[in-house]
Amino acid sequence: MPSNHTSMGVTFIGCGAAVPETIVSNDDLAEVVDTSDEWISSRTGIRQRHLCHDRESLAGLATQAAQQALAMAGVAAVDVDLIVLATSSAEDLFGSACQIQARLGATKAVAFDLTAACSGFLFGVVTAAQFLRSGVYRNVLVIGADLLSRWVDWSDRNTCVLFGDGAGAVLMQGSGDGDRLLGFEIKSDGTQNACLNLAFKPELRELLPGAILTQGKYHYITMNGKEVYRFAINRVPDAIDKVIHQAQLTSTDIDWLILHQANQRIMDAVAERLHISAKKVISNVAKYGNTSAASIPIALNEAVRSGKIKPGDTIATSGFGAGLSWGAAILKWGK
Ligand code: COA
């Protein structure tokens, strides 16, 4: 049964990540579509991506990431209360989170999927925080995992060069001793929905005279790159600025900026608008491409495990993407 304490805070005490084995470089991709390493790297900063093969799965990668986060936090799987899986590429439209719960042996946890594309991890963190702050739950795993290689049109050079596969996770724990989520903002603008989609493509089927059904498949990812770019460089700095103020900080108090890893040019432009030094920008987009909901926790995990991010450091983070949706948060790493 959930307990019912109030005035609880949130801490971020474990992280992990897993990516598929197969690496595909820009030069490799130039054998598939009419592109070049020069075009891709100068426009996006991406040099390679990891792509899932048939023996790997979303649930498998997500479970590995979650196990690492639990180990770092020193929390047993049986003590997890909630698993939020942020994904837009679930292996089961009924949800993939319960498969992860079973693989982890998190027998007590309730598990559900949350779909908000590249904003999904951030939305997941904010969702988890509500359960922790209310005291309903103590240990929450937030996982961001996506295998967009399954949904990319590999003959469309406008999109296929951008995405990669992977999973990342954090363990958030309730704390009676302060709140390490210092501010957040999450937003949606459905009027721009057509800019980035992985949409259902109905095919009509007449089941009975007068009963025409729409059965079909999901279409490949479609994107208006220029619109999405414009949206990101306008909305993201505003959102981060707002949460910095909410946290009663200034941009000089930010130790690290971890943006959704979509494009190096977007990261550079956002940092510049916020007057945050390039040295504080955590970036690994060159190695992984855009891994959608996984990109922020993969970047966080690398920076924590390499010793860049230390306990007590203040991190500004922002996710953005399809919806269109976006959000930002300020958090302090560690207990
Ligand atoms: N290789 C070579 N040429 C390519 C190409 C590729 N992979 N993809 C597109 N092109 C071509 C286009 O066909 C177009 O050619 P045309 O002018 O003859 O029609 C031209 O390059 C467009 O180039 P440019 O205007 O310089 O592109 P851009 O600066 O707008 O960059 C993106 C394109 C996609 C990199 C950029 O718009 C972007 O990053 N947008 C955000 C996308 C994103 O991050 N989406 C996910 C958000 S979560």
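Read the numbers this way: they start at 1 and go in the same order the structure lists the ligands and their atoms.
- For atom 20 (C) of ligand 1, the protein comes within 4.0 Å by no heavy atom at all.
- Looking at ligand 1, you won't find any N or O of Ile266 less than 3.5 Å from one of its N or O atoms.
- Considering only non-hydrogen protein atoms, atom 47 (C) of ligand 1 sits nearest to Val228 CG1, 3.6 Å.
- By the 4.0 Å heavy-atom criterion, Asp34 is counted among the residues contacting ligand 1.
- Atom OH of Tyr229 sits in a crowded spot, with more than 12 heavy atoms from other residues, nucleotides or ligands closer than 6.0 Å.
- A ring pair (Phe, Tyr, Trp, His ring centres under 6.0 Å) check over residues 58-105, counting only residues at least two apart or in different chains, returns nothing.
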* Asked: For Phe112 and Leu82, what are the C-alpha separation, side-chain angles and deciding distance, and is it a side chain to side chain contact (heavy atoms under 4.5 Å, CB included)?
  -> CA-CA 8 Å; Phe112 60 83; Leu82 168 65; 3.5 Å; yes
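- At distances below 3.5 Å, not a single donor-acceptor pair connects side-chain atoms of His219 with backbone N or O atoms of Ala199.
- Of all the atoms in ligand 1, the ones that sit under 4.0 Å from a non-hydrogen atom of Phe320 are 48 (S).
- Remark: minimum distance from atom 41 (C) of ligand 1 to any protein heavy atom is reached at Gly225 O, 3.5 Å.
- Within ligand 1, counting atoms from 1 as listed, the ones closer than 4.0 Å to a heavy atom of Val161 are 7 (N).
- Residue, atom and distance of the protein heavy atom nearest to atom 28 (P) of ligand 1 are Lys226 NZ, 3.9 Å.
- Within the 4.5 Å cutoff, no side-chain heavy atoms of Asn26 are placed close to those of Trp39.
- Between Asp255 and Lys280, no side-chain nitrogen of the basic residue sits less than 4.0 Å from a carboxylate oxygen of the acidic one, so the salt-bridge criterion is not met.
- Comparing Gln264, Glu38, Arg157 against atom 15 (O) of ligand 1, the shortest heavy-atom distance belongs to Arg157.
- Remark: minimum distance from atom 39 (O) of ligand 1 to any protein heavy atom is reached at Asn263 ND2, 2.7 Å.
- Of all the heavy atoms of Thr35, the ones lying under 4.0 Å from any atom of ligand 1 are found in both the backbone and the side chain.
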* side chain to side chain contact (heavy atoms under 4.5 Å, CB included) evaluation trace for Ser119 with His260 -> CA-CA 8 Å; Ser119 306; His260 165 48; over 6 Å; no
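- Relative orientation of the Tyr218 and Trp151 rings is perpendicular, given thresholds of 30° and 60° on the angle between their planes.
- Ion pairing between a basic and an acidic side chain is recognised when a charged N comes within 4.0 Å of a carboxylate O; Arg55 and Glu21 show no such pairing.
- By the definition of a contact as any protein heavy atom under 4.0 Å away, atom 7 (N) of ligand 1 is in contact.
- The residues Lys108 and Asp81 are annotated as salt-bridged, a charged nitrogen and a carboxylate oxygen being separated by less than 4.0 angstrom.
- Looking at ligand 1, you'll find an N or O of Arg43 within less than 3.5 Å of one of its N or O atoms.
- Summarising the local packing, CD of Gln130 is surrounded by more than 12 heavy atoms from other residues, nucleotides or ligands at distances under 6.0 Å.
- Numbered from 1 in the order shown, with element, the atoms of ligand 1 that lie under 4.0 Å from a heavy atom of Thr44 read 35 (C).
- Counting the atoms of ligand 1 from 1 in the order shown, those under 4.0 Å from a heavy atom of Asn290 are 46 (C), 48 (S).
- Shown here, atom 10 (N) of ligand 1 is in close reach of the protein: a heavy atom of it lies under 4.0 Å off.
- Heavy-atom contacts of Ala262 reach the following atoms of ligand 1: 44 (O) (cutoff under 4.0 Å).
- Protein heavy atoms all stay at least 4.0 Å away from atom 32 (C) of ligand 1.
- The residue among Arg265, His260, Met223 with a heavy atom at the shortest distance from atom 45 (N) of ligand 1 is Met223.
- Taking every heavy atom of both residues into account, Thr87 and Ala145 meet most closely at OG1-O, 2.7 Å.
- Surrounding CD of Glu206 are more than 12 heavy atoms belonging to other residues, nucleotides or ligands, all under 6.0 Å away.
- Counting atoms of ligand 1 from 1 in the listed order, those under 4.0 Å from a heavy atom of Cys118 are 48 (S).
- Protein heavy atoms are found inside the 4.0 Å sphere centred on atom 26 (O) of ligand 1.
- For atom 23 (O) of ligand 1, the candidate residues are Tyr229, Trp326, Trp39; the nearest heavy-atom contact is made by Trp39.
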